[in-house]
A.B. asks: 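Take this structure first; my questions come after.
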2 protein chains.
Amino acid sequence: MRRDVFQAIADPTRRQIISLLANASLPVNAVAHNFEMTRPAISKHLRILLDCGLVTIRKEGRERYCTVVLSELAEVGKWVSQYQHFWSDFQEPYISRRIPLKRRKEDL
Amino acid sequence: MRRDVFQAIADPTRRQIISLLANASLPVNAVAHNFEMTRPAISKHLRILLDCGLVTIRKEGRERYCTVVLSELAEVGKWVSQYQHFWSDFQEPYISRRIPLKRRKEDL
DNA sequence: TCATGAGGTAACCGTTTGGTTACGAAAATA
DNA sequence: TATTTTCGTAACCAAACGGTTACCTCATGA
């Protein structure tokens, strides 16, 4: 098993679990009720998320509350942001693609 | 085969290919020489990247030049940026975690 | 004390993944 | 024309994935 953050978020179910837990910490069964698959399947997904630090589990009575650790997504954010100027308007403003360099010097 | 961008970047070799092609478009063999695996293995990875739009391939003589389409990473960037304020200092300054709400009202 | 509910996990299964070797097509070159 | 180079891909393989059912432990509540 590879089990890094990139592999963890590759599965759509696991991304949904992350979204779900971003709103509130939930017991395992509560998580499972949001999906059309059995609890063991969700348990496995949670295991993967736990292994790579994306969730923590707090025991409370007979329930296990799952909490997402969103800061673990920083690695992914950092990696994609290297290339962000290829699609973000913020880093690559529209005007820079329309006005030739010579004209821009005059503007300054 | 699922073949979405999240699954494409799950593999470390494919992430390296993306980094490599971010500098320059390269023929398939040139890509393969950067890795310790056979050309068919790289060819398969390129196929996956091609299928989900992360690279385009331009035929030139007997060579196929691979170009990365970094804007396809926008989907990933968008997804992770939802949660960015959980690790970015810019969006969640240190002071907001230290001063209680009552005190902050006075500050305004 | 006994039944119930929460949840982990083993065993199993079909499909996918990520690699290999072997082969063939097309372009370039001798 | 014959050979070499670039590349795709088929066939194969072991391991990982993503799901299931079955069973177990432990805490709760009647």
Side-chain angles (χ1 to χ4, degrees), chain A residues 1-21 24-69 72 76 79, chain B residues 1-21 24-69 72 76 79:
Chain A
M1 338 159 182
R2 211 166 47 238
R3 211 139 293 193
D4 58 286
V5 186
F6 286 93
Q7 190 260 349
I9 64 165
D11 186 87
T13 301
R14 285 195 290 268
R15 286 200 300 279
Q16 281 183 253
I17 291 176
I18 290 171
S19 303
L20 187 65
L21 294 177
S25 296
L26 292 175
V28 175
N29 265 338
V31 174
H33 283 136
N34 285 271
F35 297 91
E36 288 188 339
M37 62 182 74
T38 60
R39 182 186 47 77
I42 296 297
S43 225
K44 281 189 172 190
H45 284 304
L46 286 171
R47 185 68 222 250
I48 290 170
L49 294 171
L50 181 66
D51 281 356
C52 69
L54 264 165
V55 309
T56 56
I57 297 186
R58 173 180 87 253
K59 203 173 160 183
E60 199 159 310
R62 60 182 162 186
E63 290 171 320
R64 267 84 170 174
Y65 277 81
C66 306
T67 305
V68 68
V69 184
E72 285 298 307
V76 180
W79 189 78
Chain B
M1 336 160 184
R2 208 165 52 237
R3 212 139 291 192
D4 58 286
V5 187
F6 287 93
Q7 190 260 348
I9 65 164
D11 186 88
T13 301
R14 286 194 290 269
R15 287 199 300 278
Q16 280 184 254
I17 291 176
I18 290 170
S19 303
L20 188 64
L21 295 177
S25 296
L26 292 174
V28 176
N29 264 339
V31 174
H33 283 136
N34 285 273
F35 297 90
E36 289 189 339
M37 62 182 73
T38 60
R39 184 187 46 78
I42 296 297
S43 226
K44 281 189 170 189
H45 283 304
L46 286 171
R47 184 70 220 250
I48 290 169
L49 294 171
L50 180 67
D51 282 354
C52 69
L54 264 166
V55 309
T56 55
I57 297 186
R58 173 180 89 253
K59 203 173 160 184
E60 200 159 310
R62 63 183 161 185
E63 289 172 320
R64 267 85 170 172
Y65 276 81
C66 306
T67 305
V68 68
V69 183
E72 286 297 307
V76 181
W79 189 79

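All values below were derived from every heavy atom in this structure, side-chain atoms included, with hydrogens, water molecules and symmetry-related copies excluded. The model shown is predicted, which means the values in this text are computed figures rather than measured ones. Every chain is numbered from 1, with letters handed out A, B, ... down the list of sequences.
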A.B. asks: A:Ile42 CD1 to C:dG7 P: how many Å, rounded?
C.D. replies: 12 Å

A.B. asks: Mapping B:Lys44 and B:Ala30 onto DNA chain D by nearest heavy atom, which one lands closer to the 5' end?
C.D. replies: B:Ala30

A.B. asks: Give the rounded distance in Å between these two atoms: CE of A:Met37 and P of D:dG18.
C.D. replies: 10 Å

A.B. asks: Measure NZ/B:Lys59 against C1'/C:dA25 and give the value in whole Å, please.
C.D. replies: 10 Å

A.B. asks: Looking at every strand, decide which applies to A:Pro40 at a 4.0 Å heavy-atom threshold: base, sugar-phosphate, or nothing.
C.D. replies: base

A.B. asks: Are OP1 or OP2 of C:dG8 and a side-chain N or O of A:Ser43 less than 4.0 angstrom apart?
C.D. replies: yes

A.B. asks: Between B:Trp79 and A:Ile9, is any pair of side-chain heavy atoms under 4.5 Å apart?
C.D. replies: yes

A.B. asks: Could you state the atom-to-atom distance from CZ of A:Arg62 to P of C:dA6 in whole Å?
C.D. replies: 6 Å

A.B. asks: Figure out the NE2/P separation between B:His33 and D:dC7, and round it to whole Å.
C.D. replies: 9 Å

A.B. asks: Has A:Gln7 got a side-chain N or O lying under 4.0 Å from the OP1 or OP2 atom of C:dT17?
C.D. replies: no

A.B. asks: Which residue in the set A:Val69, A:Leu46, A:Leu21, A:Leu49 passes side-chain contact (heavy atoms from CB on, under 4.5 Å) when paired with A:Leu54?
C.D. replies: A:Leu49

A.B. asks: Using a 3.5 Å distance criterion without hydrogens, assess whether the side chain of B:Ser19 forms a donor-acceptor pair with backbone atoms of B:Arg15.
C.D. replies: yes

A.B. asks: Do A:Arg14 and A:Gln7 make a side-chain contact, defined as non-hydrogen atoms from C-beta onward lying under 4.5 Å apart?
C.D. replies: yes

A.B. asks: What is the nucleic acid contact for B:Arg39, judged by heavy atoms within less than 4.0 Å: base, sugar-phosphate only, or nothing?
C.D. replies: base

A.B. asks: Does B:Arg64 reach a base, just sugar-phosphate, or nothing at all? Heavy atoms under 4.0 Å.
C.D. replies: sugar-phosphate

A.B. asks: Are any of B:Asn29's side-chain N or O atoms less than 4.0 Å away from OP1 or OP2 of D:dT5?
C.D. replies: no

A.B. asks: Expressed as a whole number of angstroms, how long is the span from B:Glu36:CD to C:dG18:C1'?
C.D. replies: 16 Å

A.B. asks: Quick check on D:dG19: is either OP1 or OP2 less than 4.0 Å from any side-chain nitrogen or oxygen of A:His45?
C.D. replies: yes

A.B. asks: So, the side chain of B:Arg58 versus the backbone of B:Thr67: is there a donor-acceptor pair under 3.5 Å, distance only?
C.D. replies: no

A.B. asks: At under 4.0 Å, does any side-chain N or O of B:Arg47 touch on OP1 or OP2 of D:dG8?
C.D. replies: no

A.B. asks: Pick the nucleotide of DNA chain D nearest each of A:Thr38 and A:Glu60; which residue has the one closer to the 5' end?
C.D. replies: A:Thr38

A.B. asks: Rounding to a whole Å, what distance do you find between B:Glu63:CD and D:dG8:P?
C.D. replies: 11 Å

A.B. asks: Using whole Å, report how far CZ of B:Phe6 lies from C1' of C:dT17.
C.D. replies: 20 Å

